[in-house]
Amino acid sequence: MKFENNYGSYSLRVEGNIVIGQFKGNLNPELLNHFKAALLNTIEPFKHLPWGYISHSPEVIAATPDAEKNMVDVSQTMGTNNCLISAFVLTSSIAIRQLQRIMHGSGRDAHLQECLFDDFQSAKAFVTKHLPLAD
């Protein structure tokens, strides 16, 4: 699944029981609302089984303040839908600070520093290590 507007874009794919989102550019509410709907459709086949999430987003610049609020909602939705572990590949210092606020606002910030990575392979190894094997 993919979506793009004048400010940024995202794509979603699944590998086993890991959902991988890739964001680029600036994130706004329209993009995040579309992402949330696509994410819920993507995880439907998991039938409430545990899954993990990787945001492979080294090309994200920042989110608007309204989009940041939407991201708190998305994070909470992920938690209530059996997302056991998340990892993030971010390079923008602004995006990293926003992620800290988002995770804190959603109550999922216990081990945030352990979830930040410089590359996709490290993020995937981290998520895979913390998930039960997919059927």
Q: For the pair Phe35 and Tyr10, name the ring-plane relationship: parallel under 30°, tilted 30 to 60°, perpendicular over 60°.
A: perpendicular
Could you tell me which non-hydrogen atom of [X] sits nearest to which non-hydrogen atom of [Y], and how far apart they are?
| X | Y | result |
| --- | --- | --- |
| Leu131 | Ile85 | CG-CG2, 4.0 Å |
| Leu31 | Ser9 | CD1-CA, 3.8 Å |
| Ser55 | Phe23 | OG-CD1, 4.0 Å |
| Asn5 | Tyr7 | OD1-N, 2.9 Å |

Q. Would Leu99 end up clustered with Ile94 when hydrophobic side chains under 4.5 Å apart are linked, directly or stepwise?
A. no
Q) Given the rule that I, L, V, M, F, W and Y join up when any side-chain heavy atoms are under 4.5 Å apart, are Leu40 and Met1 in one cluster? A) yes
With sequence neighbours excluded, residues passing side-chain hydrogen bond (donor to acceptor under 3.5 Å, both in side chains) with [X]:
| X | value |
| --- | --- |
| Thr64 | none |
| His130 | none |
| Asn70 | Asn33 |
| Gln22 | none |

side-chain contact (heavy atoms from CB on, under 4.5 Å) partners of [X], counting only residues at least two apart:
| X | answer |
| --- | --- |
| Asp118 | none |
| Ala95 | Val60, Leu90, Ser92 |
| Thr91 | Pro58 |

Q: Determine, step by step, whether Ile18 and Thr128 satisfy the side-chain contact (heavy atoms from CB on, under 4.5 Å) criterion, reporting the C-alpha distance in whole Å, the side-chain angles of both residues, the deciding distance to 0.1 Å, and the verdict.
A: CA-CA 8 Å; Ile18 300 174; Thr128 302; 3.5 Å; yes
Q. Do Val72 and Glu68 have side-chain heavy atoms sitting under 4.5 Å apart?
A. no
Pairs satisfying salt bridge (Lys or Arg N to Asp or Glu O under 4.0 Å), at least one member in [range], at least two apart:
| range | value |
| --- | --- |
| residues 25-39 | Lys36-Asp73 |
| residues 80-99 | none |
| residues 3-17 | Arg13-Glu15, Glu15-Lys124 |

Q. Where the side chain of Gln98 meets the backbone of Ala63, is there a donor-acceptor pair that is under 3.5 Å apart?
A. yes
List, one per line, each side-chain donor-acceptor pair under 3.5 Å for residues 41-52, sequence neighbours excluded.
| unit_1 | atom_1 | unit_2 | atom_2 | d |
| --- | --- | --- | --- | --- |
| Thr42 | OG1 | Ala38 | O | 2.8 |
| Trp51 | NE1 | Asn81 | O | 2.5 |

Q: Under the side-chain contact (heavy atoms from CB on, under 4.5 Å) rule, what do Met103 and Ser75 come out as? Steps first, then yes or no, please.
A: CA-CA 7 Å; Met103 298 303 282; Ser75 181; 3.9 Å; yes
For the atom pair [atom1] ([X]) and [atom2] ([Y]), what is the distance rounded to the nearest 0.5 Å?
| X | Y | atom1 | atom2 | value |
| --- | --- | --- | --- | --- |
| Ser57 | Ile20 | OG | CD1 | 11.0 Å |
| Leu12 | His34 | CG | NE2 | 10.0 Å |
| Ser122 | Leu116 | OG | CG | 12.0 Å |

Q: Kindly state each residue pair satisfying ring pair (Phe, Tyr, Trp, His ring centres under 6.0 Å) with at least one member in residues 56-100, sequence neighbours excluded.
A: His56-Phe120
Q: Would you check, one step at a time, whether the test side-chain contact (heavy atoms from CB on, under 4.5 Å) holds for Asn28 with Leu32?
A: CA-CA 6 Å; Asn28 68 355; Leu32 268 295; 5.9 Å; no
Q: Begin from the C-alpha positions of Ser86 and Met78 and carry the test side-chain contact (heavy atoms from CB on, under 4.5 Å) through to its verdict.
A: CA-CA 10 Å; Ser86 297; Met78 291 169 68; 4.0 Å; yes
